[in-house]
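For clarity, every value in this text was computed on a predicted model and none was experimentally measured.
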Amino acid sequence: MAILPFFFQQCWDIVASSLFEYVNQVWVNPYLISFINSTLIVMIPKIDKPEFVSQFRLVSLCNVVYKILSKVIVNRIKPCLNSIISPYQSSFISGRSIHHNIIVAQEMVHSMASMKGNKMFMSIKIDLEKAYDRLNWNLLSNVWRSVSFDL
Amino acid sequence: MIIEVIHHCISSPSYKIMWNRDKTNSFNPSRGIRQGYLLSPYLSVICMDKLSHIIADQVEAGYWKPMRAGRHGPQISHLLFADDLLLFAEASIEQAHCVMHFLDLFCQASGQKINSQKLQIFFSKCR
């Protein structure tokens, strides 16, 4: 049974306190997350008449309560990201723009074209296949544990 | 604490697939993060940061020979655009092996796979 965000907005006076309590509880007992963490995956075809699973885009529809909880987490980690993520990454970090890296890339290609000297260089463009779906959780938690958050 | 919470967020979901207006039985994933979920972009950026670390270590150790942006410019070995990457290195067989080796290492650790059909290489002008 899906409860739409509209429900929360309309009945905010009634549901607010229990929602606050739930989100607070999660920080004490993270196991509570599994109760709201059921996700509906919808397959949206990328092309007309798809034949393979890879021709669908899988979009996850999460629980509203879960989204609210995630937003809390995102707001807490966002300010820390700038200091832990390498400067060569340009996406998803507030204060950085993908355009910066595009300009650097353009500059690099330009200097490759007008290069003089003995050394030759190469640039390799790589696309990762289904990057989200393949991601290994162990690596994630290892990386998480190796960074120190100031929270 | 926040790490525990995030860990539970990514490892506890159960999925149902909506298919022809019907739902499948629910199942639990063992890897991957969800498209359309608030935290996912940040998680993928953190995962890619691992690769950034690997490359930076190799550059520092002198195995990976990065390119300079201009004659006196800074050395740049890689640029990341979310999960797309642009790598720069000297054009030599050894460097190609080096790049491949560390990409393999990263792919093994992260579960990622390089899409070889979309891979492109550019070379600097030959004298």
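Chain A forms the most heavy-atom pairs under 4.5 Å with one residue out of B:Ile121, B:Thr24, B:Leu85, and that residue is B:Leu85. Note on B:Ser77, B:Ser30, B:Ala96, B:Ser44: by heavy-atom pairs under 4.5 Å with chain A, the leading option is B:Ser30. Taking chain A as the reference chain and counting heavy-atom pairs below 4.5 Å, the highest number among B:Ser116, B:Cys107, B:Ala82 is found for B:Ala82. Residue with the most contacts toward chain A among B:Cys47, B:Gly36, B:Ala89, B:Gly111: B:Ala89 (heavy-atom pairs, distance under 4.5 Å). For chain B, the option among A:Val28, A:Leu40, A:Val26 with the highest count of heavy-atom pairs below 4.5 Å is A:Leu40. Interface summary for chain A: among B:Ser11, B:Gly73, B:Ala69, the most heavy-atom pairs under 4.5 angstrom belong to B:Ser11. The most heavy-atom pairs under 4.5 Å with chain B, out of A:Asp133, A:Ile36, A:Asn101, A:Val42, come from A:Asn101. Options A:Val143, A:Ile73, A:Ile102 differ in how many heavy-atom pairs under 4.5 Å they form with chain B, and the most are formed by A:Ile73. Here B:Val45 is the residue among B:Ile76, B:Ile55, B:Val45 with the most heavy-atom pairs under 4.5 Å with chain A. For chain B, the option among A:Ile33, A:Leu69, A:Ile126 with the highest count of heavy-atom pairs below 4.5 Å is A:Ile126.
Formation of a donor-acceptor pair under 3.5 Å by the B:Asp83 side chain with backbone atoms of A:Ala131 is not found in this model. Using modelled atom types, no side-chain atom of B:Gln108 and backbone atom of B:Leu105 make a donor-acceptor pair closer than 3.5 Å. Between the A:Arg57 side chain and the A:Lys46 main chain, no donor and acceptor come within less than 3.5 Å of each other. Proximity of a side-chain donor or acceptor of A:Arg96 to a complementary backbone N or O of A:Gln89 within less than 3.5 Å is detected.
Looking at B:His7, the atoms closer than 4.5 Å to chain A (heavy atoms on both sides) all sit in the side chain, from C-beta outward. Looking at A:Phe35, neither its backbone nor its side chain comes within 4.5 Å of chain B, counting heavy atoms on both sides. Both the backbone and the side chain of B:Ser40 come within contact range of chain A, each with at least one heavy atom under 4.5 Å from a heavy atom of that chain. Contacts between B:Leu103 and chain A at a heavy-atom distance below 4.5 Å involve the side chain alone, from C-beta outward. Both the backbone and the side chain of B:Gln95 have a heavy atom closer than 4.5 Å to some heavy atom of chain A. When heavy atoms are compared at a cutoff of 4.5 Å, A:Leu140 approaches chain B solely by way of its side chain, counted from C-beta outward. When heavy atoms are compared at a cutoff of 4.5 Å, B:Pro66 approaches chain A solely by way of its backbone atoms N, CA, C and O. Proximity to chain B (any heavy atom under 4.5 Å) is restricted, for A:Ala113, to the backbone atoms N, CA, C and O. When heavy atoms are compared at a cutoff of 4.5 Å, B:Ala56 does not approach chain A at all. For a residue to count as touching a neighbouring chain, one of its non-hydrogen atoms must lie under 4.5 Å from one of that chain's; by this rule B:Lys50 touches chain A with the side chain only. Contacts between B:Met48 and chain A at a heavy-atom distance below 4.5 Å involve the side chain alone, from C-beta outward. Looking at B:Asn115, both its backbone and its side chain come within 4.5 Å of chain A, counting heavy atoms on both sides.
Aromatic pair B:His78/B:Phe88: centroids not less than 6.0 angstrom apart.
Here A:Ser141 contributes atom OG and B:Glu4 contributes atom CD; the two are 9.5 Å apart, rounded to the nearest 0.5 Å.
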Q: Apply the test side-chain hydrogen bond (donor to acceptor under 3.5 Å, both in side chains) to residues A:Ser86 and B:Ser52: give CA-CA distance (whole Å), side-chain angles for both, the deciding distance (0.1 Å), then the verdict.
A: CA-CA 7 Å; A:Ser86 125; B:Ser52 207; 2.7 Å; yes
Q) How far apart are the C-alpha atoms of B:Ser14 and B:Asn28, what are their side-chain angles, what is the distance that settles it, and do they pass the side-chain hydrogen bond (donor to acceptor under 3.5 Å, both in side chains) test? A) CA-CA 5 Å; B:Ser14 69; B:Asn28 295 312; 4.7 Å; no
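Between the side chains of A:Asn136 and B:Ser110, not a single donor N or O lies within less than 3.5 Å of an accepting N or O.
B:Phe123 and A:Met112 get closest at one heavy-atom pair: C-CE, 3.9 Å. Nearest heavy-atom pair, A:Leu139 versus B:Ala109, reported as atom, atom and distance to 0.1 Å: CB-O, 3.6 Å.
Ring geometry for B:Tyr37 versus A:Tyr66: interplanar angle under 30°, hence parallel rather than tilted (30 to 60°). Under the 30°/60° scheme for interplanar angles, the aromatic rings of B:Phe27 and B:Tyr15 are found to stand perpendicular.
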